[in-house]
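Okay, so here's the structure we're looking at.
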Amino acid sequence: MDAESFQREAGSYGVDWTVNFVEAPMDAVSDAYANFRKCDIARSASIGSADSVQLPPVGVIVQPTDTEWIILFHQWSRFAEFPILSGINARTMEFGGSDGSPAHTCNLFTPSRPVVRYRVGSVADDDNEYFDVCGTAKSSRPKIRVVSSYGGVFDHYGIRPVFVYLDERRQVVTTAEERDEIVRVDVAVL
């Protein structure tokens, strides 16, 4: 099943938030995101200072140190189709969850290849039950790999998650320790 078919079939699947990791150059991700969302990009935005970009942002794009994977914090729900629809043609790891559930979803989208879904423990059984209820043919389901931790998946692919958030002024901030792990932050604004 390709990413587009999976998105159409699974819908939001109860996901309230996602973080996407895109294996592509920072400028390519920022430009494609601006094009796709019809928004402006404030490049190399300050982090946690008075001259930070005034938000609300549509998204935040982060380039961590020592990795080829760019982090895309999208404003609403699922956004894994972005690299495919934008023409970047890059691998994307989608990591998401729901505020009302301890379960998370972790999907790897690779151009022209089936979706691979990583799940911790027995959550994989919930996925299979969901696809059974939907009547999804086994040949059309994403491949599910059971893992001991999502951190191990990120490590395997060389993904370096970093922590950024919006403060009470709706500006991008991070901890002092994390700031050293970030090369650049771009902010998408309408």
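As the structure is a prediction and not an experimental result, all values here were calculated from the model. In this chain, residues are counted from 1 in sequence order.
A salt bridge links Asp27 and Arg184; the closest N-O separation between the charged side-chain nitrogens and carboxylate oxygens is under 4.0 Å.
Taking CE from Met26 and CG from Asp186, the interatomic distance works out to 3.5 Å, rounded to the nearest 0.5 Å. Distance CD1/Ile61 to OG/Ser30: 4.0 Å, rounded to 0.5 Å. Considering SG of Cys106 and CZ of Phe21, their distance stands at 8.0 Å, rounded to 0.5 Å. To the nearest 0.5 Å, atoms CD (Glu23) and OG1 (Thr67) are separated by 8.0 Å. Atom CZ of Arg91 and atom OH of Tyr157 lie 6.0 Å apart (nearest 0.5 Å). Of the inter-residue distances, the one linking Trp69 atom CH2 with Phe154 atom CZ reads 10.0 Å to the nearest 0.5 angstrom.
Aromatic ring centres of Phe95 and Tyr150: separated by under 6.0 Å.
Closest non-hydrogen pair, Cys39 versus Ala188, comes out as SG-CB, 3.7 Å. Minimum interatomic distance between Pro161 and Ile71 (heavy atoms only, all atoms of both residues): CA-CD1, 4.1 Å. When all heavy atoms of Ser149 and Val120 are compared, the closest pair comes out as CA-CG2, 4.1 Å.
By the 4.5 Å heavy-atom criterion applied to side chains, Gln63 and Val185 are not counted as neighbours. The closest side-chain heavy-atom distance from Thr105 to Arg119 is below 4.5 Å. Asn35 is not listed as a side-chain neighbour of Tyr33, based on a closest heavy-atom distance of 4.5 Å or more.
The main-chain N or O of Thr65 is found under 3.5 Å from a side-chain atom of Arg160 such that the two form a donor-acceptor pair.
Among residues two or more places apart in sequence or in another chain, the salt bridge (charged side-chain N to carboxylate O under 4.0 Å, His left out) test is passed with Glu68 by none.
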Report task. Carefully, step by step, assess Met93 and Asn107 under the rule side-chain contact (heavy atoms from CB on, under 4.5 Å). Result -> CA-CA 6 Å; Met93 178 76 67; Asn107 300 306; over 6 Å; no
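Among Val62, Asn20, Val29, Thr92, the single residue meeting the side chain to side chain contact (heavy atoms under 4.5 Å, CB included) criterion with Ile70 is Val29.
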